Every structure is written in C-alpha cells, then in structure tokens.
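Letters go in sequence order (proteins before strands), and every chain restarts at 1. A quick note: this is a predicted structure, and the numbers were derived from the prediction, not measured.
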2 protein chains.
Amino acid sequence: MNASRTARERVRAELIREITDIARRQLATEGAVGLSLRAVAREMGMVSSAIYRYFPSRDDLLTALIIDGYNALGEAVEHADAACARDDFAGRWLAVCRAVRTWALAHPHEYALLYGSPVPGYAAPQDTVAAAVRDTAVYGRIVAEAHRAGRLTPPPICPPPPAIMAEDAEVVRSLIPDVPDDVVTRAIVAWTGLFGMVSFELFGQFNNTITHRAELFDHNMTCLARLLGLPE
Amino acid sequence: MNASRTARERVRAELIREITDIARRQLATEGAVGLSLRAVAREMGMVSSAIYRYFPSRDDLLTALIIDGYNALGEAVEHADAACARDDFAGRWLAVCRAVRTWALAHPHEYALLYGSPVPGYAAPQDTVAAAVRDTAVYGRIVAEAHRAGRLTPPPICPPPPAIMAEDAEVVRSLIPDVPDDVVTRAIVAWTGLFGMVSFELFGQFNNTITHRAELFDHNMTCLARLLGLPE
DNA sequence: AGCGATTAGAGAGCAGTGCTCTTGACGAAT
DNA sequence: ATTCGTCAAGAGCACTGCTCTCTAATCGCT
C-alpha cells in the first residue's frame, strides 16, 4: 500500500516538477506578468483547470518559482565562495558579488522576481524567507570570519551606529555572528550596495550611460570591501 | 480660430489630465499590473474604447505615469536640496537621500514603476530618460560643487578606477561636470547605494529583519557620504 | 450660414486571462 | 466487486487589452 501510494505521489511530484520547469521557462522569456497557467497547461497538453490540482492558484506557482530562485542564487553564491581560499576574505567577497551579478544577468526575470518590485497583491509567504537568507548567510559568514580572524580593519570614516539599532543588529546577528554593531551596519551598506548595483544594471538604469559594467562593478565592489574593512 | 482650436485642445488636455490622475490613483492602490484602462474608463463614465483616443495603448499611459513620477521625485529632490545651505554639502546629500526615501515610501508603486523590475515587453521610450536624470542631476551637482569648492576629501581606500572607464565617465560627466574619474566612480557607488537601500526597504528585503529603518538609512547614507569624501 | 472634414464617443466583438464548478472516468483499498 | 478518492476535462464567469464600425458632435473654411 505504501508502495502504491508513493507511485501515485511520484507521478504527482513529477508533474509538479514539469509544471515548474515549464513555468520557469515561460518566466525566463515572458517575465512574471506573462506567466500564464493556461499557457503552461497548453504546453503540457493538459487542460487549464487540471493545473489547479497541483497549484491552487497562480500565486502558489509563483511562490514555488521564488523559492527555487532563491535556492539557485544561494547555490551559485555558495559555490563561488567555496572556490576561494578560506583566508582570502576580499577575494571571497568579490567572488560572491560576481556570482550574484552573473546569476542575475543569466536569469534576469528570476532576479526581478526575487529583488524587483513585489507583485502587488502577492504577500511572500514565510516559506520564501527561509530560502531568501541562503545567499545572505554566505556573505555574512565571510564578514564574520574575517572579523574573527582579526583581518577586519574598517577605515575610521563611518560615524558610530545609533544605539537604537542594537536590537536590529540582534536579529541580524544570526547571519553575522559575533561581530560588533558597526561591523553589522557596514555589512548592510555593502549588502545593499551590491544589490543596488546589480538591480540598476538589470533594470535599465545604466542604459545610455554606463557601458563598461563589469569593470565598474568590480571596482565598486572593491570600494565597498574597503569600506567594510576587508584586507588587501 | 486659434481660440477655438485651443478650446478643443483644452478639453482634450483636461481629459488627458483626468485620465492620468485616475490612473495614478489606481496605480497607487492596485500597482502597475492592476492598472486597467477599462477601470479608468469606468470611473470616468466613458466606454473603454474611448480611452484609446487619448492613449493609444496601455503602455503609453504607463509611460505618461513614469514621466510624471520621475518629475515628481525630481521636484521633491530639488526642493530638499534647495532648503539647505549651499556650502553644507554633506547636509545637502543627506537631505536628498531622505527626500528620495520619503517620496518612495509615500508613493511605493510609483517608485516601483521607476526603479523596480521593468514591465516585460515594455521598452522605456526616450522621453522617459530625459525626466529620469532630473534627480540624478541634483545629486551630481552636489558632488561637483563640493569638489569645485575643494571640500571633497575622499579617504584613500578605493583603488584607482580602471582606465577603460574613462569613456563612461565621459558620458556621466554632463551630470557631474569637472570632476576626476575616481570621484565619478565613488559617486556611482553612493548613488547605487542610496537606491539599493531604498529599494530593499520598499521591496520587502528588510522584513522580519530591520525595524529601525530611518535610523539605519541615515547612518548608511552618512557612511556613503564619507566614502564620497563629503566633509564634516 | 452652411458645408466638408475632422474628432469624439458608443457599441460590438476578438482573443486572451485566472479561477470555479460540475461531470465522468480511472485506480486503489475494503 | 464495490465503494471512495483522485484526476482530467469541459463549460462557464468575469475580467483584460485592443480593434473595428457606426453615429454624432464639433471645427475650419468658403
């Protein structure tokens, strides 16, 4: 009985996989608003209403794609970090930044789904936040390890963070353990700077303006690394 | 004859204004994807097809809203800058940053239209880029004036910008005149950092994580100002 | 003042969407 | 062998952007 149940479950899981695959392909070509359940069904040779057996609504399909996207980006970031020497903290940071940019350029619509304007009326369920921190954790680990190794020497240019932010830092601390508050705030500056840069490039803010984007990206990420206090 | 022509033109302009007003209100409540020409027509007591006399397509209406948005943001930024002492460059930068954030929080959907994921299949026409640089010009002016006044003393932490970027800097130079390349690249770091921060807050990346957002924002913008080399 | 040309609005209609409900068939457990 | 839950299918609702045709009003000019 158990075997038969899993047989049914298996074909069900296979169908869900196929649906998300087709949906991801559609997302890549048409974007999030062009994602159509009917089109997915058509491509599968199903009738549209049958899809609702597997995803109760379009938003649920979007949620699945979002989680997949966070995991794909997280994986790319983890690989980039793993390929570096552990004590080359600046190199790890730059590798992580490049991995984010490369993945985003390769999957622009998925990136937009993760870091672009939220789809109105769509509230990201709690499932997504777990996947969302995957890449952030990598990069928090780099900062934390650099700090622990005594290799974090931030230039004395930032004002001390307001005391009120200690609580927030508390929440963030699970991602960047055992670092002082001012390291946390600098890390947030670098973090938002990274994604601000990638988003600007991807969302067209550099059009007609900046052409040597890879070079500028590397340079700016290095500036942020210095602000963070990463060595070299 | 001129008067009568303008009579017709006037009612036409009035209707266009009314359409964009209703559309903007709809945008504010429903978001860009919820913007419906039929709903606008319904609210105006018109039939849907009549709208097409004024906006040949939904994208054209969106374009009008985008241009209006850039101008509204630009105006807010200009006002914030104008309220500061001309030689208080750090104060002007922070005021501009706050103006962007305040405007974005007050008009989240419009901000998303300007700086969020681009609507797929929608290519921003050239008209929008002219309006888009309005706020950027303000902020480039602050940096340029600080540099000209000899008040720009960037900390020696950034590597020199790659020579290849000189051409890009050339293009940007109209917005930040008469500054060396490394000032331009630092300015881009600060610029992307500002919008990266605002976008993260608005697009939900700080949810369940950072609560004292105004304080963190001010602090981080000050860090970026120091990186830029703005005094005080 | 009146006539021809231009413009505005109304309505029907097409193709597409997300989603719901009902119907009939199949396979598994009793 | 029969009951029961699952599944695909189809019809249908309300909505979208957009195009067409037709009518009525308005404007410019003689």
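Distance CZ (B:R58) to P (D:dT19): 14 Å, rounded to an integer number of Å. Atom-to-atom, CG of A:L37 to P of D:dC15 comes out at 19 Å; the value is rounded to the nearest Å. Between the CD atom of A:E30 and the C1' atom of C:dT17 there is a distance of 14 Å, given to the nearest Å. As a whole-Å value, the separation of B:E9 CD from D:dT26 P is 16 Å. Between A:R42 atom CZ and D:dA9 atom P the separation is 14 Å, expressed in whole Å. The OH atom of B:Y52 sits 17 Å away from the P atom of C:dC14 (whole-angstrom rounding).
Phosphate contact (OP1/OP2 of C:dG18, side-chain N/O of A:S36, threshold under 4.0 Å): present.
Partners of B:H107 under the ring-ring contact (aromatic ring centres under 6.0 Å, His included) rule, at least two apart in sequence or in another chain, are B:W103. Residues satisfying the salt bridge (Lys or Arg N to Asp or Glu O under 4.0 Å) criterion with B:R173, sequence neighbours excluded, are B:D181. A search for side-chain hydrogen bond (donor to acceptor under 3.5 Å, both in side chains) contacts involving A:E78 returns A:R134, not counting sequence neighbours. In terms of the side chain to side chain contact (heavy atoms under 4.5 Å, CB included) criterion, residue partners of B:P162 (sequence neighbours excluded) are, by chain and number, A:E215, A:H219, B:I164, B:M165.
At least one side-chain heavy atom of B:L37 sits less than 4.5 Å from a side-chain heavy atom of B:Y52.
Distances were taken from every side-chain heavy atom of B:R38 (C-beta onward) to each of D:dC15, D:dG17, C:dC19; the shortest belongs to D:dG17.
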Side-chain donor-acceptor pairs under 3.5 Å in residues 190-211 of chain A, sequence neighbours left out?
| residue | atom | partner | partner atom | Å |
| --- | --- | --- | --- | --- |
| A:T192 | OG1 | A:I188 | O | 2.9 |
| A:T192 | OG1 | A:V189 | O | 3.0 |
| A:S199 | OG | A:Y111 | OH | 2.9 |
| A:S199 | OG | A:F195 | O | 2.9 |
| A:E201 | OE1 | A:R101 | NE | 2.9 |
| A:E201 | OE2 | A:R101 | NH2 | 2.9 |
| A:Q205 | NE2 | B:Y70 | OH | 3.3 |
| A:T209 | OG1 | A:N207 | O | 2.9 |
| A:T211 | OG1 | B:D168 | OD1 | 2.5 |
| A:T211 | OG1 | B:D168 | OD2 | 3.4 |

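When heavy atoms are screened at a 4.0 angstrom cut-off, A:S48 is found touching base atoms of the nucleic acid. Here A:L35 lies in heavy-atom contact (under 4.0 Å) with sugar-phosphate atoms only.
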Extract from the structure each pairing of a protein N or O with an N or O of nucleotides 5-11 of chain C at less than 3.5 Å, listing the distance.
| residue | atom | partner | partner atom | Å |
| --- | --- | --- | --- | --- |
| C:dA8 | OP1 | B:R12 | NH1 | 2.5 |
| C:dA8 | OP2 | B:R12 | NH1 | 3.3 |
| C:dG9 | OP1 | B:Y54 | OH | 3.3 |
| C:dG9 | OP2 | B:Y54 | OH | 2.5 |
| C:dG9 | N7 | B:R53 | NE | 3.1 |
| C:dG9 | N7 | B:R53 | NH2 | 3.3 |
| C:dG9 | O6 | B:R53 | NH2 | 2.4 |
| C:dA10 | OP2 | B:V47 | N | 3.2 |
| C:dA10 | N7 | B:S49 | OG | 3.4 |
| C:dG11 | N7 | B:S49 | OG | 3.4 |
| C:dG11 | O6 | B:S49 | OG | 2.7 |

